[in-house]
Number of protein chains: 2
Amino acid sequence: MNEVLQILKKNSLSVTEGRKKILELFIASEGALAHADIEKQTSNNFDRVTVYRTLQTFVEKGIIHQIPTTDNSVLYALCRHNCEQGHHHDNHVHFICSNCDKTICLDDVTVPQVKLPEGFTPLQSAMVVTGICLDCA
Amino acid sequence: MNEVLQILKKNSLSVTEGRKKILELFIASEGALAHADIEKQTSNNFDRVTVYRTLQTFVEKGIIHQIPTTDNSVLYALCRHNCEQGHHHDNHVHFICSNCDKTICLDDVTVPQVKLPEGFTPLQSAMVVTGICLDCA
DNA sequence: CTATTTTTGCAATACTGTTGCAAGTATTTG
DNA sequence: CAAATACTTGCAACAGTATTGCAAAAATAG
């Protein structure tokens, strides 16, 4: 409960109902959340615009990070390993369960380096693995 | 030119203007294409719906594959290494240039295997690397 | 060339995301 | 603690993106 306040303060964000609620959702949820999930789970207590802006703010502050998908949706997840200043978000692997459709951050699995062809300079890498998760096994 | 017909026949698809044109676009383009690119480059000769349906059909047949991104757009690219039946699409690395914004399939760079925590079974892996490409170096 | 199957385009609809601005809420400071 | 300031929210309007049903048109099979 206090965790939420700490995070907001630490990032010099005003403490508002919306931000508290949305942060709590992320903390409570195991996996990643899409914008639509959040709207549903807050029972439309907040304006769509507010949710968009809150997510954007959280991404900028490095509180959450975005996960790439192939289905035209963007997923968001908490940065657990207290990443600083919005850097280093993408160095863990994301797992999407094809059974329960949950997206899980494998915080302990780092994205391996790959050898790129001559002339390509890597800056950031993202990796998404699809398969069957722990709960569905 | 004939390549296009071959591909369509091989997948038992009717040969139509739209499909031919869109396939030609993919063959001509080095990188990946978004739905919007295709609409622009066909000068709106085809209905938006037709483009959507064509892309969907091509994905189902395994002619093209989707590339995950974090900005709510889906990119499509040709499967070069004649993947069969829609399998094995995601085993090469995709590169997005942060300078020119092109997305390039690195067909020769395969996605490395990662060790997942106990209980997770991988089926498919996708990897996207962001950085500076050959042309922008 | 005709019959059948497949694909297209239109219309309607729904979802997703963004911006400006006024009103409201949170924080700062004296 | 109250007033001043700064920040956040909600509304309205808008733009872009994606989906579905159905009738017309085109492609393929016989």
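Every chain is numbered from 1, with letters handed out A, B, ... down the list of sequences. The structure presented is a predicted model; accordingly, all values stated were derived computationally and were not measured.
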Asks: Specify the separation, in whole Å, of atom CG of B/Asp47 and atom C1' of D/dT17.
Replies: 14 Å
Asks: Measuring only between side-chain heavy atoms, which start at C-beta, is A/Val128 closer than 4.5 Å to A/Phe95?
Replies: no
Asks: Kindly compute the distance separating OG1 (B/Thr42) from CD (B/Glu24), expressed to the nearest 0.5 Å.
Replies: 12.0 Å
Asks: What integer distance in Å separates B/Glu39:CD from D/dT17:C1'?
Replies: 10 Å
Asks: Would the distance check show the side chain of A/Asn11 and the main-chain N or O of A/Leu8 forming a donor-acceptor pair, the cut-off being under 3.5 Å?
Replies: no
Asks: To 10°, what angle do the rotation axes through the five end pairs on each side of the helix from C/dC1-D/dG30 to C/dG30-D/dC1 form?
Replies: 40°
Asks: Can you tell me how the ring of B/His35 sits relative to the ring of B/Tyr52, calling it parallel under 30°, perpendicular over 60° and tilted otherwise?
Replies: parallel
Asks: Between atom CD in A/Gln56 and atom C1' in D/dT8, what is the gap in whole Å?
Replies: 13 Å
Asks: In whole angstrom, give the distance that lies between atom CG of B/Asp37 and atom C1' of D/dG16.
Replies: 15 Å
Asks: Tell me the interatomic distance from B/Phe46, atom CZ, to C/dT8, atom C1', rounded to whole angstroms.
Replies: 11 Å
Asks: Evaluate the side-chain contact (heavy atoms from CB on, under 4.5 Å) criterion for residues B/Phe120 and A/Val129: first the C-alpha distance (whole Å), next the side-chain angles of each, then the deciding distance (0.1 Å), finally the verdict.
Replies: CA-CA 10 Å; B/Phe120 288 86; A/Val129 179; over 6 Å; no
Asks: Output yes when a side-chain donor or acceptor of B/Arg19 lies under 3.5 Å from a complementary backbone atom of B/Thr54, and no otherwise.
Replies: no
Asks: Below 3.5 Å between N/O atoms, which protein atoms pair up with nucleotides 20-30 of chain C? Just atom names and distances, please.
Replies:
from: C/dT27; atom 1: OP1; to: A/Val15; atom 2: N; distance (Å): 2.9

Asks: Sequence neighbours excluded, which residues qualify as salt bridge (Lys or Arg N to Asp or Glu O under 4.0 Å) partners of B/Lys20?
Replies: B/Glu17
Asks: Checking only heavy atoms, does the side chain of A/Arg48 share a donor-acceptor pair with the base of D/dG10 at less than 3.5 Å?
Replies: no
Asks: Report the distance from atom CG of A/Asn45 to atom C1' of D/dT9, rounded to the nearest whole Å.
Replies: 14 Å
Asks: Side-chain contact, heavy-atom cut-off 4.5 Å: B/Leu78 with B/Leu23?
Replies: yes
Asks: Can you check whether B/Thr69 reaches B/Val74 side chain to side chain, under 4.5 Å on heavy atoms?
Replies: no
Asks: Whole-Å distance between D/dA26 P and B/Arg19 CZ?
Replies: 15 Å
Asks: For B/Lys20 and C/dT7, give me the distance from atom NZ to atom P, rounded to whole Å.
Replies: 15 Å
